[in-house]
Amino acid sequence: MLIRVTDPHEPLSSEITPRSTYLIRPTRREALLTLGLAAASLPSLAQPEVHGGGKLPKLTTVRSGVAGSMVMDKPTSYADATSYNNFYEFGTDKSDPASYAHTLKTRPWTVSVEGECAKPMRFDIETLLKLSAMEDRIYRLRCVEGWSMVVPWVGYSLAEVIKKVEPTSKAKYVEFTSLADKAQMPGVRSGVLDWPYVEGLRMDEAMHPLAMLVFGMYGEVLPNQNGAPLRLALPWKYGFKSAKSIVKIRLLEKEPVSSWTKAAQQEYGFYSNVNPNVPHPRWSQASERRIGEDGLFAKKRPTLMFNGYEPQVGQLYAGMDLKKFY
Ligand SMILES: Nc1nc2c(c(=O)[nH]1)N[C@H]1C(S)=C(S)[C@@H](COP(=O)(O)O)O[C@H]1N2
Ligand SMILES: [Mo]
């Protein structure tokens with residue numbers, strides 16, 4: 001596997017010349033961006049379609065400076081990104097979250113950050129909303145099922161919150177727990193997963209600037225079906241690593257066991273980095289269908305190593321056997 005050693009804050013050639021500009025005919029905006037002109041200098045050419053449905057509160061945002069935070073693929077439509085969801089707490093059909101998540105109460109909401117740290121804290125959602133500047137970032141999201149989306153998220157790096165509690169030297173992993181309330185979440189009455197939904201990261205993954213704590217999408221607060229009031233976005237990992245509606249973050253010495261690993265260990269490993277070369281035991285991961293763009297009979301597009309974020313995150317896995325640590 002190719003590991004390039006680069007400063008994660010430096011713009012990378014993959015961003016300057018995005019894949020889409022050489023695979024398809026570039027738009028004027030993309031061509032100009034390729035020449036190094038900032039989008040801000042192109043007032044007549046709008047930013048990608050990043051407006052929401054207009055029914056939810058808007059969030060004030062700044063453009064992110066994090067390398068890899070602005071993929072140039074066309075964003076998925078808001079309608080698709082909010083109606084085709086995985087959120088098993090509300091049912092297993094893709095349409096269930098949009099149909100049933102209105103029963104989720106997102107206020108009051110607290111997130112406790114605890115475990116191996118000097119200053120465990122319980123954050124109110126309003127405090128988290130003000131903790132750091134809200135950034136616009138456009139990330140690819142690759143579901144392990146073989147479909148993908150491009151989502152303009154709003155939030156900031158997860159590291160901002162972790163730093164606040166002052167992790168000890170024993171903090172090697174981070175565990176995330178989603179809300180599991182039968183009264184608000186009809187899917188929690190079913191046994192599809194061992195609730196609550198739990199996910200985890202290695203500490204260096206969690207501290208990577210691309211690992212994002214998300215409060216909104218398309219310039220507005222998150223709709224419930226997308227994980228309100230806060231969820232993760234880990235663009236180089238399969239979608240299930242990005243836990244929704246988080247209530248607890250725990251710093252740990254030992255690797256946590258995620259819900260999906262518990263459900264099927266040979267299918268869902270702890271790392272779950274997007275990897276076209278490591279098939280899921282029941283299907284290939286070499287290609288994907290972009291929701292809203294690639295019709296059912298269209299040729300699927302190739303899946304990229306680390307979902308296209310190898311320049312930014314590849315070095316986290318230097319020397320690791322990615323077939324073993326799937
Ligand atoms: N709590 C919780 N988080 C979750 C899930 C879930 O079922 N419950 N599904 C995951 C999966 S499989 C994917 S692909 C993404 C989907 O996010 P989206 O609906 O915003 O596209 O959320 C992830 N986070
Ligand atoms: Mo997924």
Side-chain angles (χ1 to χ4, degrees), residues 52-53 56 75-101 104 106 109 111 137-155 175-182 184-188 190-201 211-218 220-249 258-264 267-269 272-274 280 282-283 285 288-292 303 307:
L56 296 171
T76 299
S77 76
Y78 184 76
D80 282 338
T82 58
S83 62
Y84 189 89
N85 301 105
N86 272 337
F87 198 169
Y88 277 21
E89 286 84 338
F90 294 100
T92 55
D93 281 0
K94 298 284 176 260
S95 60
D96 284 343
S99 304
Y100 305 119
L104 175 66
T106 59
W109 192 279
V111 181
R137 300 188 188 180
I138 305 181
Y139 282 175
R140 298 188 193 95
L141 183 156
R142 171 61 157 78
C143 179
V144 75
E145 296 164 343
W147 50 266
S148 62
M149 293 194 190
V150 178
V151 185
W153 300 115
V154 177
E175 179 195 72
F176 306 90
T177 305
S178 299
L179 181 73
D181 180 356
K182 287 191 179 102
Q184 305 178 52
M185 301 169 135
V188 173
S190 86
V192 274
L193 282 176
D194 186 2
W195 311 107
Y197 194 97
V198 168
E199 260 309 333
L201 293 172
M212 188 180 185
L213 200 55
V214 170
F215 302 85
M217 58 197 283
Y218 301 78
E220 301 177 0
V221 302
L222 282 171
N224 289 355
Q225 61 267 34
N226 291 86
L230 83 165
R231 52 94 54 84
L232 291 169
L234 308 162
W236 71 98
K237 293 180 176 280
Y238 290 116
F240 66 84
K241 296 294 289 181
S242 295
K244 293 176 167 180
S245 305
I246 294 168
V247 291
K248 188 159 72 182
I249 300 176
S258 74
S259 294
W260 283 107
T261 302
K262 217 186 235 184
E267 302 194 4
Y268 309 107
S272 290
N273 292 315
V274 174
H280 182 279
R282 292 183 279 136
W283 59 82
Q285 291 293 20
E288 66 198 57
R289 196 181 305 287
R290 185 65 51 83
I291 299 300
T303 287
N307 205 22

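These numbers come from a predicted model, not from an experiment. As the structure lists them, so they are numbered: ligands from 1, and atoms in each ligand from 1.
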### Query
Do K94 and E145 meet the salt-bridge criterion of a basic N to acidic O distance under 4.0 Å?
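Salt bridge flag = yes for K94 with E145.
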
### Query
Counting only N and O atoms by type, is there a donor-acceptor contact under 3.5 Å from the side chain of D80 to the main-chain atoms of S77?
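Pair absent, no side-chain N/O of D80 close to backbone of S77.
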
### Query
OH of Y197 to CZ of F87: how many Å apart, nearest 0.5 Å?
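These two atoms lie 9.5 Å from each other.
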
### Task
Mind checking side-chain contact (heavy atoms from CB on, under 4.5 Å) for A81 and listing every partner two or more places apart, or none if nothing turns up?
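With neighbours one apart ignored, the set is T76, M149, M217, Y218.
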
### Message
If the test is side-chain hydrogen bond (donor to acceptor under 3.5 Å, both in side chains), which one of R290, R140, R289 qualifies with S148?
### Response
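Only match with S148 under side-chain hydrogen bond (donor to acceptor under 3.5 Å, both in side chains): R290.
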
For each nitrogen or oxygen atom of ligand 1, which protein N/O atoms lie closer than 3.5 Å, and how far apart are they, rounded to 0.1 Å?
residue, atom, partner, partner atom, Å
ligand 1, 1 (N), E89, OE2, 2.9
ligand 1, 1 (N), S178, OG, 3.0
ligand 1, 3 (N), K244, N, 3.1
ligand 1, 7 (O), Y88, N, 2.7
ligand 1, 8 (N), E89, OE1, 2.8
ligand 1, 9 (N), N86, O, 3.2
ligand 1, 17 (O), R231, NH2, 3.2
ligand 1, 17 (O), K244, NZ, 3.4
ligand 1, 19 (O), N85, ND2, 2.8
ligand 1, 19 (O), K244, NZ, 2.6
ligand 1, 20 (O), N226, ND2, 2.9
ligand 1, 20 (O), R231, NH1, 3.0
ligand 1, 24 (N), S242, O, 2.9

### Aromatic plane relationship, H280 with W283 - under 30° parallel, 30 to 60° tilted, over 60° perpendicular
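It falls in the parallel class, under 30°.
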
